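For reference, the structure discussed in these notes is given below.
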Amino acid sequence: MSSHTRVALVTGSNKGIGLAIVRELCRQFSGDVVLTARDVVRGQAAVKQLEAEGLSPRFHQLDINDLQSIRVLRDFLCKEYGGLDVLVNNAAIAPKTANPTPFHTQAEMMMKTNFVGTRDVCTELLPLIRPKGRVVNVSSTEGVRALNECSPELQQKFKSETITEEELVGLMNKFVEDTKNGVHRKEGWSDSTYGVTKNGVSVLSRIYARKLSEQRAGDKILLNACCPGWVRTDMTEAHKSPEEGKEVVEWGFPPESYPWANA
Ligand code: NAP
């Protein structure tokens with residue numbers, strides 16, 4: 001593999017939306033596509049499934065909760081490709097219905113994967129993104145919903161154009177602490193742990209996009225957070241038309257106000 005070969009990578013792509021993204025990238029992206037999974041057996045089974053469809057993804061293990069695993073992947077990308085062109089942060093855990101796990105434990109686990117893990121991957125892999133690279137953090141409408149269920153004080157902090165990464169991490173840690181102490185509602189949080197973690201991912205993406213535009217403006221890297229239906233690595237102005245039945249909505253407004261909500 002040479003450093004001239006372009007490479008795209010999707011986290012948590014042994015099944016679900018991640019697998020679908022890898023499938024489409026294999027069809028449309030001119031370069032190598034790396035399918036990653038925390039479990040090697042599940043990951044290799046997914047690769048076999050795509051190979052049976054005539055596609056040729058590569059495989060690499062990645063557990064986003066494990067810094068060592070992220071760093072081994074980073075070293076692989078540096079050695080084999082000398083960088084990274086497309087990163088889709090898809091891996092996450094969603095709430096299960098009727099989950100007997102205590103609420104605060106669910107909050108801790110979900111925050112660890114959805115926010116901390118995604119941030120750790122960004123910390124290690126964003127420096128590898130080459131000029132004109134694309135980074136997509138898969139978020140959720142539930143994040144915007146949770147944001148709008150938070151107190152006006154919290155909403156103001158999350159919506160601030162100057163919020164720092166450290167301040168955001170502090171807020172995410174506070175949410176977990178507040179659930180442990182049974183005071184998260186009193187402290188102005190939404191009851192949706194998943195939504196709070198996904199709001200964290202969206203705000204983190206705004207912070208990274210701001211940093212990239214300040215520090216690497218000439219590199220024309222595009223970083224955004226989106227709902228799964230919008231996962232595309234070329235989301236530019238040209239693609240803002242609702243040609244696929246989708247419309248871009250301004251971040252921060254409650255999902256009930258979206259044009260299609262009452263259609
Ligand atoms: P899914 O079927 O549950 O797949 C999640 C993927 O993430 C799996 O491959 C899972 O691996 C992986 N994963 C979980 N923890 C991981 C970790 N620590 N390290 C690496 N991989 C890990 O979920 P999905 O429905 O496809 O959702 C994909 C993304 O879309 C998520 O970010 C989700 O929040 C978002 N989303 C989904 C919906 C929806 O309706 N499905 C709506 C809005 C947003 P294992 O197989 O090993 O568990």
Side-chain angles (χ1 to χ4, degrees), residues 9-25 33-50 57 59-74 76-77 86-97 99 101 105-125 135-148 172 190 192-205 223-233 235 245-246 249 251 254-255 258 260-261:
L9 184 142
V10 185
T11 68
S13 46
N14 53 289
K15 67 176 182 189
I17 292 164
L19 179 61
I21 297 168
V22 167
R23 180 180 285 113
E24 280 312 307
L25 281 168
V33 182
V34 185
L35 181 156
T36 67
R38 57 179 161 178
D39 182 277
V40 173
V41 173
R42 287 198 286 273
Q44 286 173 342
V47 167
K48 282 215 160 56
Q49 186 185 333
L50 293 182
F59 174 69
H60 202 285
Q61 193 272 347
L62 173 65
D63 182 341
I64 68 167
N65 288 344
D66 176 359
L67 253 185
Q68 177 63 14
S69 164
I70 300 173
R71 288 180 177 155
V72 170
L73 173 70
R74 177 201 61 195
F76 159 83
L77 291 167
V86 173
L87 170 63
V88 181
N89 278 307
N90 165 80
I93 48 176
K96 294 188 180 82
T97 44
N99 189 346
T101 311
T105 310
Q106 287 187 46
E108 197 167 7
M109 287 165 62
M110 239 176 251
M111 191 62 74
K112 189 173 174 206
T113 300
N114 298 3
F115 180 76
V116 180
T118 300
R119 176 172 176 251
D120 285 345
V121 171
C122 287
T123 303
E124 298 298 330
L125 299 191
V135 181
V136 181
N137 294 331
V138 181
S139 192
S140 170
T141 326
E142 291 309 308
V144 196
R145 195 184 306 283
L147 171 67
N148 282 280
M172 293 292 106
S190 157
S192 165
T193 286
Y194 174 73
V196 171
T197 66
K198 285 293 181 178
N199 177 53
V201 169
S202 296
V203 177
L204 186 68
S205 307
L223 181 149
N224 57 43
C226 61
C227 243
W230 261 115
V231 175
R232 56 188 312 157
T233 54
M235 195 168 119
K246 305 180 192 81
V249 292
W251 177 78
Y258 295 172
W260 58 86

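Both counts, for ligands and for their atoms, begin at 1 and track the order of listing. This is a predicted model, so every value here is computed, not measured.
- K15 CE, 3.7 Å is the protein heavy atom nearest to atom 2 (O) of ligand 1.
- The atoms of ligand 1 that sit less than 4.0 Å from any heavy atom of K198 are 31 (C), 32 (O), 33 (C), 34 (O).
- Contact annotation: for E142 versus ligand 1, there are no heavy atoms closer than 4.0 Å.
- Taking distance alone, with nitrogen or oxygen atoms compared against 3.5 Å, I17 approaches ligand 1 more closely than that limit.
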Query raised in the report: Yes or no on side chain to side chain contact (heavy atoms under 4.5 Å, CB included) for V196 and M111, after CA distance, side-chain angles and deciding distance?
Result: CA-CA 8 Å; V196 171; M111 191 62 74; 4.3 Å; yes

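- For ligand 1, the atoms closer than 4.0 angstrom to any heavy atom of G16 are 2 (O), 26 (O).
- With a 4.0 Å cut-off on non-hydrogen atoms, A37 does not touch ligand 1 at all.
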Pairs under 3.5 angstrom only: tabulate donor-acceptor contacts from the side chains of residues 138-145 to other protein residues two or more places apart or in another chain.
residue, atom, partner, partner atom, Å
S139, OG, K198, O, 3.1
S139, OG, S202, OG, 2.8
S140, OG, E142, N, 2.9
E142, OE1, R145, NE, 3.4
E142, OE2, R145, NE, 3.4
R145, NH1, E256, OE2, 2.5

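- Side-chain atoms of T11 come within 3.5 Å of backbone atoms of A91 as a donor-acceptor pair (strictly under, hydrogens ignored).
- Inclusion of R38 in the set of residues having an N or O under 3.5 Å from an N or O of ligand 1 is warranted.
- Atom 36 (N) of ligand 1 has its closest protein heavy atom at P228 CG, 3.4 Å.
- For S140, no nitrogen or oxygen atom sits less than 3.5 Å from a nitrogen or oxygen atom of ligand 1, counting backbone and side chain alike.
- In the vicinity of L62, heavy-atom distances shorter than 4.0 Å reach the ligand 1 atoms 19 (N), 20 (C).
- Atoms of ligand 1 lying under 4.0 Å from any heavy atom of V138, numbered from 1 in the order shown and given with element: 29 (C), 30 (O), 32 (O), 35 (C).
- At the shortest separation from atom 34 (O) of ligand 1 among protein heavy atoms lies Y194 OH, 2.5 Å.
- For ligand 1 and A92, the ligand atoms under 4.0 Å from any heavy atom of the residue are 5 (C), 7 (O), 14 (C), 31 (C), 32 (O), 34 (O).
- For D63, a nitrogen or oxygen atom sits less than 3.5 Å from a nitrogen or oxygen atom of ligand 1, counting backbone and side chain alike.
- When distances from atom 23 (O) of ligand 1 to the protein are checked, no heavy atom turns up under 4.0 Å.
- Less than 4.0 angstrom separates some heavy atom of N65 from each of these atoms of ligand 1: 18 (N).
- Summarising the contacts of atom 21 (N) of ligand 1 with A46, A91, G117, the nearest heavy atom is found in A91.
- The backbone N or O of Q61 sits nowhere less than 3.5 Å from a side-chain atom of T36 that would complete a donor-acceptor pair.
- Judged as a salt bridge (charged side-chain N to carboxylate O under 4.0 Å, His left out), and not counting sequence neighbours, the contacts of E124 are R71, R74.
- The distance from atom CG of N65 to atom NZ of K112, rounded to the nearest 0.5 Å, is 5.0 Å.
- Nearest protein heavy-atom contact of atom 29 (C) of ligand 1 is N90 OD1, 3.1 Å.
- Across all non-hydrogen atoms, the minimal contact from T118 to N114 is OG1-O, 2.7 Å.
- Residue G12 approaches ligand 1 through these ligand atoms, each under 4.0 Å from one of its heavy atoms: 6 (C), 7 (O), 8 (C), 9 (O), 12 (C), 21 (N).
- For ligand 1, the atoms sitting less than 4.0 Å from at least one non-hydrogen atom of T113 are 15 (N), numbered in the order shown with element in parentheses.
- Considering backbone and side-chain atoms alike, I64 places an N or O below 3.5 Å from some N or O of ligand 1.
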